[in-house]
Amino acid sequence: MPTLNDYLVLSAILFAIGTAGVFVRRNLITILLSIEIMLNAVNLSFVAFGRSFGTADGQIIVFFVMTVAAAEAAVGLAIVISLFRHRESLNPDTFTSLKW
Amino acid sequence: MTPLLIAQIGLTLFVFFMLLNSAAIMVYVERKVAAFLQQRLGPYLVGPKGLLQPLADVIKLMFKEELRPKAADWFLFALAPIISASCAFAAFAVVPFGAETTFFGLLSEPIKLQVADVNVAVLVIFAIASMSVYGIVLAGWSSNSKYSLLGGLRSSAQMISYELSYGTALASVLVVGNSLSLTDIVNGQSGYWFHVIPRWFIFLQPLGFLIYLTAGVAETNRAPFDFPEAEQELVAGYHTEYSSMSFAMFFLAEYINMVTVSAVATDLFLGGWHGPLLPESLGWIWFLIKVGALLFFYVWMRWTLPRYRYDQLMTFGWKILLPLAVVNLLATAAGVLYFGV
Amino acid sequence: MTLFYLFGAVAVIASLLVIAQRNPIYSVLLLIASFGALSGLYVLLDAPFVAVTQIIVYAGAIMVLFLFVVMLLNAPHEETEHDEKIHPLRRPGAMRFGAVLAAALVVELLWALTRSSGEPGAFGATAVSSVRELGRVLFTEYAFPFEVTSVLILVAMVGAVVLAKRDPRAHT
């Protein structure tokens, strides 16, 4: 039977993959996808802890995290669309006009 | 291999087989009913009264050449009909179509006539319906043609817009039915009021039933909401570039989605397998009759009503159907609180 | 246990491929596969409602949004000259730093999680899996965050529409 530690280890691995994606990829949409991976890893650990304590709180918080992730994905993608209209590129390195 | 396991596997295969059959029957029924509505005969040459016409259609489709546009993304092009068909079949896995039965005493304990009885069955159907959007949007994208892309995007935008009203209508039935499990909801509709009127939820939720059916018709991309795949508009939309068996998979998916929407509507609103004059163990006959009536209604609507234009369709979905569904939910919740049903 | 390993392996491999793929559409589809595996893990954790909600919200709505944006923008592949030849851990600058940081993160997390003494934390017998109980807790103890979340969604909707709108004065 999988223990709590197994789920936490899996969650940690997924979180690290998401972090690596945010740093390594040079495509705005893939960066947003990596953020979704990180949020999902956190969801997994919430549900695992909720199961371990036997309460409903873990699942409720996951409900809220999903809602916030949906809102953030919508606004993030709207920003990506308006950025794309300016520079015709999805590479974050092209948006450097504020760099000094 | 206990008898129970064999019965379960047999039931799963039986449901799969019957869904395939239902698609074939729907092909024939659609053409015959359309013909009679248009005062002509329809298929009558192949087999007695044209009953073997679906078989002829399948054989024709199998022998057609499987075309693939050169610039198409071949993996997604092959994946899209698979997703459509799989989601259509999977959604029926949680729909119960009869009472518990022991198959005339062959089994030691009764099994439900349902492939999987999950206690969140209504949500599972909703989840799989939202997954079937991917088949269409990937079909539109991977064909790499303007008509397909536009048709695919429009069709999937329509589907996700009507999912909201679909879900809200489902929520109002859940408030009345007090459970997420389809078996429990059907069992809550047994019995009669005043010994005459059956306790079906359609009498408690008439507006919910209409909203559910309308959203269901829009979800399955059938007329009058079939703008994205209409022949006169976008050269068949997202399945323009498909031929032979891939095309057949899309049509299979469409008919099976119709059957699923009708079956879920029967379970939620029309009392499932409960009906007069027949014992509980033969309830599946009533189920078939009710689903058949809803499917006839589907076909009748297609060949009677004119098509909505795309902006009219989206306006209707967002500005009329969704507020109506929300008001229905609020009224239902208020009613349940007040009357204590 | 084998189901846990199966779903876990699918989730990890799909996530790795998401960040390794160059075509954004394949990334989105692989992420959907990862979400499906996570949904299976939630079912193993006696949380069927969360599992189905994950499919409805994440795989069925958010990913459709991502797919629409990728298709409408006709998102090009990354064209930097680094992509073809050099492994991410050897690319210069931020990429190398980021990859090393992520590797350090995973090592540190695994170390912290596996050195705890005491019982390995097997799950108790009680689990809240009924939707009725979840609904009761959600609407009584967590009623205020629920209302705040609905305002958040409203704000996000308005914000997304405003941000993605074309400027009516421009001619594009």
Side-chain angles (χ1 to χ4, degrees), chain A residues 1-10 12-27 29-30 32-34 36-37 40 43-44 47-48 50-52 54-57 59-60 62-64 66-75 77-82 84-85 90-91, chain C residues 1 4 8 11-12 15-16 18-19 24 27 31 35 38 41-42 45-47 49-50 53 57-58 61-62 65-66 69-70 73 75 78 80 88 94-95 98-99 101-102 105-106 109-110 113-114 120-124 126-128 133-134 137-138 142 145 149 152-153 156 159-160 163-164 172:
Chain A
M1 287 301 297
T3 64
L4 177 63
N5 269 3
D6 295 331
Y7 283 103
L8 291 181
V9 162
L10 180 62
I13 294 176
L14 283 174
F15 191 83
I17 292 176
T19 316
V22 169
F23 279 121
V24 168
R25 293 298 302 236
R26 300 285 97 197
N27 184 335
I29 296 195
T30 317
L32 281 173
L33 287 175
S34 313
E36 297 294 329
I37 299 178
N40 268 288
N43 278 352
L44 181 64
V47 175
R51 173 75 176 86
S52 158
T55 63
D57 292 329
Q59 299 180 41
I60 305 271
V62 165
F63 183 78
F64 289 128
M66 274 188 205
T67 315
V68 168
E72 164 248 336
V75 175
L77 285 171
I79 295 179
V80 166
I81 291 178
S82 45
F84 185 80
R85 283 207 196 113
L90 284 175
N91 194 340
Chain C
M1 195 67 184
F4 169 74
V12 168
S15 305
L16 276 172
V18 164
I19 66 173
S27 294
L31 193 58
F35 287 163
L38 275 173
L41 282 170
Y42 291 143
L45 279 169
D46 287 324
F49 179 71
V50 174
T53 310
V57 171
Y58 262 117
I62 298 181
L65 181 61
F66 268 101
V69 169
V70 169
L73 294 186
E78 295 175 20
T80 65
M95 294 190 215
L101 205 64
L105 178 66
V106 70
L109 280 171
L110 289 179
L113 285 170
T114 51
F123 292 119
T126 58
V128 180
E133 182 62 25
L134 278 180
V137 174
L138 179 66
Y142 290 88
T149 318
L152 171 74
I153 296 180
L163 281 170
T172 46

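Lettering follows sequence order; numbering is per chain, from 1.
- For the atom pair CG (A:Leu44) and OH (C:Tyr42), the distance works out to 5.5 Å, reported to the nearest 0.5 Å.
- Of all the listed residues (C:Leu109, C:Leu138, C:Val57), the one sharing the greatest number of non-hydrogen pairs under 4.5 Å with chain A is C:Leu138.
- Most heavy-atom pairs under 4.5 Å with chain C, from the set A:Ser34, A:Gly50, A:Gly54: that is A:Gly54.
- Atom CZ of A:Arg51 is separated from atom CG of C:Asp46 by 4.5 Å, given to the nearest 0.5 angstrom.
- Side chains of A:Val24 and C:Ile19 form no contact here, defined as non-hydrogen atoms less than 4.5 Å apart.
- Contact check for A:Tyr7 versus C:Leu41: side-chain heavy atoms found under the 4.5 Å cut-off.
- Of the atoms belonging to C:Leu134, heavy atoms from both backbone and side chain fall under 4.5 Å from chain A.
- Between chain C and the options A:Val75, A:Ile81, A:Val47, heavy-atom pairs under 4.5 Å are most frequent for A:Val47.
- To the nearest 0.5 angstrom, C:Phe49 atom CZ is 9.0 Å from A:Gln59 atom CD.
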Before you tell me yes or no, could you show the steps for A:Val80 and C:Leu73 under side chain to side chain contact (heavy atoms under 4.5 Å, CB included), namely the whole-Å CA-CA distance, both residues' side-chain angles and the distance that decides it to 0.1 Å? CA-CA 10 Å; A:Val80 166; C:Leu73 294 186; 4.2 Å; yes
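- Across all their heavy atoms, A:Arg25 and C:Val18 have their closest contact at NH1-O, 4.1 Å.
- For C:Ile62, the part lying under 4.5 angstrom from a heavy atom of chain A is the side chain only.
- Looking at A:Val9, the atoms closer than 4.5 Å to chain C (heavy atoms on both sides) sit in the backbone and in the side chain alike.
- Contacts of C:Phe66 with chain A are made by both backbone and side-chain atoms, with heavy-atom separations under 4.5 Å.
- Between C:Tyr142 and A:Phe63, a ring centre-to-centre spacing not shorter than 6.0 Å is recorded.
- When all heavy atoms of A:Ala16 and C:Val106 are compared, the pair lying nearest together is CB-CB, 3.5 Å.
- Heavy atoms of A:Leu33 lying under 4.5 Å from chain C belong to its backbone as well as its side chain.
- Contacts of C:Leu65 with chain A are made by both backbone and side-chain atoms, with heavy-atom separations under 4.5 Å.
- Within the 4.5 angstrom heavy-atom criterion, atoms from both the backbone and the side chain of A:Val68 approach chain C.
- Closest approach of C:Ala160 to A:Ala78, counting heavy atoms only: O-CB, 3.6 Å.
- Annotation: the span from C:Leu45 atom CG to A:Leu4 atom CG amounts to 9.0 Å, rounded to 0.5 Å.
- No side-chain heavy atom of C:Val137 sits under 4.5 Å from any side-chain heavy atom of A:Thr55.
- For the pair C:Leu101 and A:Thr19, the minimum side-chain heavy-atom distance is 4.5 Å or more.
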Pair A:Phe84, C:Val69 - check side chain to side chain contact (heavy atoms under 4.5 Å, CB included), show working. CA-CA 11 Å; A:Phe84 185 80; C:Val69 169; over 6 Å; no
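- C:Leu38 contributes atom CG, which lies 8.5 Å from atom CG of A:Asn43 (distance to the nearest 0.5 angstrom).
- Contact annotation for A:Leu8: both backbone and side-chain heavy atoms come within less than 4.5 Å of a heavy atom of chain C.
- To the nearest 0.5 Å, atom CG of residue A:Leu32 and atom OG of residue C:Ser27 are 12.0 Å apart.
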